[in-house]
Amino acid sequence: MPTRHYLICATVLALLVCAAALVSAAAGPVLLYLTALLALIAMVVNVRTGKESLQVGTPVVVALCAPLAVMLVSSVMHGQWSSSEFEKLLRFALAAPAAWLLLRADRRWLRYVQWAFLFSAYAGSLMLIVIVSTNELGRMAVSEYGGRYNAVAFADLTLFFGFAATLTMPWTNSPWPRVENALKAAATPIAVYAVWLSQTRSSWVLVGVLALVIFLGNSHWSRRAKAGFAAAALAIVVSGTAISWYSADSRMSAAWTDVQRYEQQDRDTSVGIRLQLWQASWLMFKQSPLLGVYPSNFRDELVKLEQQGIVTPTVVEGYGEPHNDFLNALAGYGLLGFLTICALYFMPAWIFLRRLRHPDESIRTAARIGLLFTLGYACFSLTEMMFRNMRSVPIYGVTLVILYALASPRPSARKAD
């Protein structure tokens with residue numbers, strides 16, 4: 001068993017990944033490597049002493065390690081190698097030993113992730129508001145600051161952190177519970193306002209995911225209560241959509257205009273470019289359905305499709321990925337790749353869904369946030385590459401294992417999922 005101070009050190013490093021998610025481009029990877037190093041050292045020592053099981057939970061290990069395994073198989077079969085792809089997918093795998101170590105940390109320490117969520121919610125919201133309001137480039141300048149994500153990914157994460165901070169209210173642990181809960185409650189409307197200013201469209205899908213999580217987490221409600229909640233949630237979604245559609249500050253109605261222009265062969269719009277990339281990705285998958293065309297060949301394949309008139313020169317010149325993590329895996333790694341991205345999201349989501357009925361309120365809280373996180377990321381990935389660069393991997397991998405450790409029974413009582 002790692003010592004108390006050893007576990008505290010690993011926990012602090014992991015929590016800092018969540019806190020630094022939006023404000024630093026370099027901190028996340030460094031903190032992940034340090035946490036994984038501590039975990040691997042502890043595991044090696046444990047192998048020699050044989051005091052504890054190395055079990056983490058098969059679904060989580062498969063979810064985190066399968067992408068790297070498929071990449072290695074695909075590299076052998078294609079006779080190609082991508083160092084950047086290897087390092088990116090290795091970072092997912094390194095979260096698995098971190099999970100083993102965090103499962104042995106005191107859950108009270110891990111619950112301090114609530115402050116990391118709260119910090120990221122306020123920091124991300126403030127950055128969005130200031131950047132969009134004061135910079136001549138508006139939302140296009142977001143990628144020049146903090147974690148250096150584009151406006152879409154930055155807004156997606158900001159909204160998640162806002163919702164997550166509010167959901168941690170059952171974990172109140174400060175001497176000033178009213179002030180603490182007020183700050184947590186305010187995180188959601190502030191994040192919503194910041195995302196609205198950013199004019200990001202896809203982020204709002206998280207509102208629907210949040211409603212679903214709340215609904216699933218309250219199975220004890222009566223039928224009338226469930227029907228009332230569903231009606232209220234639907235009314236909020238419809239009202240929000242209507243307001244966004246007719247607001248001059250929103251880009252919602254522009255999406256429909258883009259679709260109409262696409263049908264008239266004016267394809268180089270925001271939506272039109274995505275549709276071209278998605279069609280191209282599907283054609284690449286059909287060309288090599290089992291192992292794909294390999295990610296580094298995506299742009300070369302686009303050139304071939306441009307020669308056939310399937311995509312425009314604008315797409316070839318400006319894009320090297322399909323703006324969709326599922327289609328990126330499908331085109332780059334084939335059916336095996338698609339299954340790994342599904343496993344990355346939905347295997348942990350299934351665990352969190354099961355834990356929603358646990359008798360411990362603390363575990364249910366972690367499960368709610370975990371389900372929001374995994375399903376939210378899956379929905380974000382439909383219109384954006386959430387893992388476009390390797391800097392974004394530590395956020396998902398480390399946040400996932402922290403929530404998994406929080407949603408799991410203590411090591412002495414824990415069973416494999």
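Atom set for the values below is all heavy atoms of this structure, side chains included, hydrogens, waters and symmetry mates excluded. Just so you know, these numbers come straight off a predicted model, no measurement behind them.
Asn324 and Thr383 share no donor-acceptor pair across their side chains, judged by distance under 3.5 Å alone. When only modelled atom types and interatomic distance are considered, Tyr319 and Thr314 share no side-chain donor-acceptor pair under 3.5 Å. Between the side chains of Tyr33 and Arg91, at least one donor N or O lies within less than 3.5 Å of an accepting N or O. Residues Glu85 and Tyr333 have side chains that bring a donor and an acceptor to within less than 3.5 angstrom of each other. Looking only at atom types and distance, the side chain of Ser75 has a donor-acceptor partner in the side chain of Tyr294 under 3.5 Å away. Using modelled atom types and a 3.5 Å distance limit, the side chains of Thr365 and Glu361 yield a donor-acceptor pair. Counted by atom type alone, Thr188 and Thr166 present one or more donor-acceptor pairs between their side chains at under 3.5 Å.
Aromatic ring centroids of Tyr193 and Trp196 lie 6.0 Å or more apart. You'll find the ring centres of Phe346 and Phe352 outside the 6.0 Å limit. Taking the six-membered ring for Trp, Phe373 and Tyr404 have ring centres at least 6.0 Å apart.
Listed for the Ser24 side chain is no donor-acceptor partner under 3.5 Å among the backbone atoms of Ala20. Judged purely by atom type and a 3.5 angstrom limit, Thr340 uses its side chain to pair as donor or acceptor with the backbone of Gly337. In this structure, Arg354 contributes its side chain and Trp350 its backbone to no donor-acceptor pair below 3.5 Å. With Lys184 contributing its side chain and Leu118 its backbone, the two residues share no donor-acceptor pair below 3.5 Å. For the pair Tyr122 (side chain) and Leu183 (backbone), a donor-acceptor distance under 3.5 Å is present. Between the Lys88 side chain and the Phe387 main chain, a donor and an acceptor come within less than 3.5 Å of each other. Judged purely by atom type and a 3.5 angstrom limit, Glu180 uses its side chain to pair as donor or acceptor with the backbone of Ser174. Listed for the Arg148 side chain is no donor-acceptor partner under 3.5 Å among the backbone atoms of Ala25. At least one donor-acceptor pair under 3.5 Å links the side chain of Ser120 to the backbone N or O of Cys18. Ser392 contributes a side-chain N or O that, together with a main-chain N or O of Met386, makes up a donor-acceptor pair within less than 3.5 Å.
For Arg111, there are no salt bridge (charged side-chain N to carboxylate O under 4.0 Å, His left out) partners, not counting sequence neighbours.
Between Met77 atom CE and Ser288 atom OG the span is 9.5 Å, to the nearest 0.5 Å. From Tyr112, atom OH reaches atom CD1 of Ile402 across 14.5 Å, with rounding to the nearest 0.5 Å.
Using a 4.5 Å heavy-atom threshold, the side chains of Leu302 and Val315 count as touching. Counting heavy atoms from C-beta on, the side chains of Ile369 and Phe160 come closer than 4.5 Å. Phe229 places none of its side-chain heavy atoms less than 4.5 Å from the side chain of Asn218.
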Distance-only donor-acceptor hits, side chain of residues 5-16, under 3.5 Å, sequence neighbours excluded:
from  : atom 1 : to    : atom 2 : distance (Å)
Tyr6  : OH     : Leu38 : O      : 2.6
Thr11 : OG1    : Leu7  : O      : 2.8

Are Arg201 and Ser270 close enough, and set up right, to give a side-chain hydrogen bond (donor to acceptor under 3.5 Å, both in side chains), and what steps lead you there? CA-CA 11 Å; Arg201 294 175 290 213; Ser270 177; 3.2 Å; yes
Kindly indicate, with the supporting measurements, whether the criterion ring-ring contact (aromatic ring centres under 6.0 Å, His included) is fulfilled by Tyr345 and Tyr396. CA-CA 10 Å; Tyr345 292 140; Tyr396 185 83; 5.6 Å; yes
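Relative ring orientation between Phe86 and Trp81 is described as tilted, the plane-to-plane angle lying within the 30° to 60° band.
Pairs passing the side-chain hydrogen bond (donor to acceptor under 3.5 Å, both in side chains) check and including a residue from residues 151-162, sequence neighbours excluded, read Asp156-Ser203.
A salt bridge does not link Arg299 with Glu321: every distance from a Lys NZ or Arg NE/NH1/NH2 to an Asp or Glu carboxylate oxygen is 4.0 Å or more.
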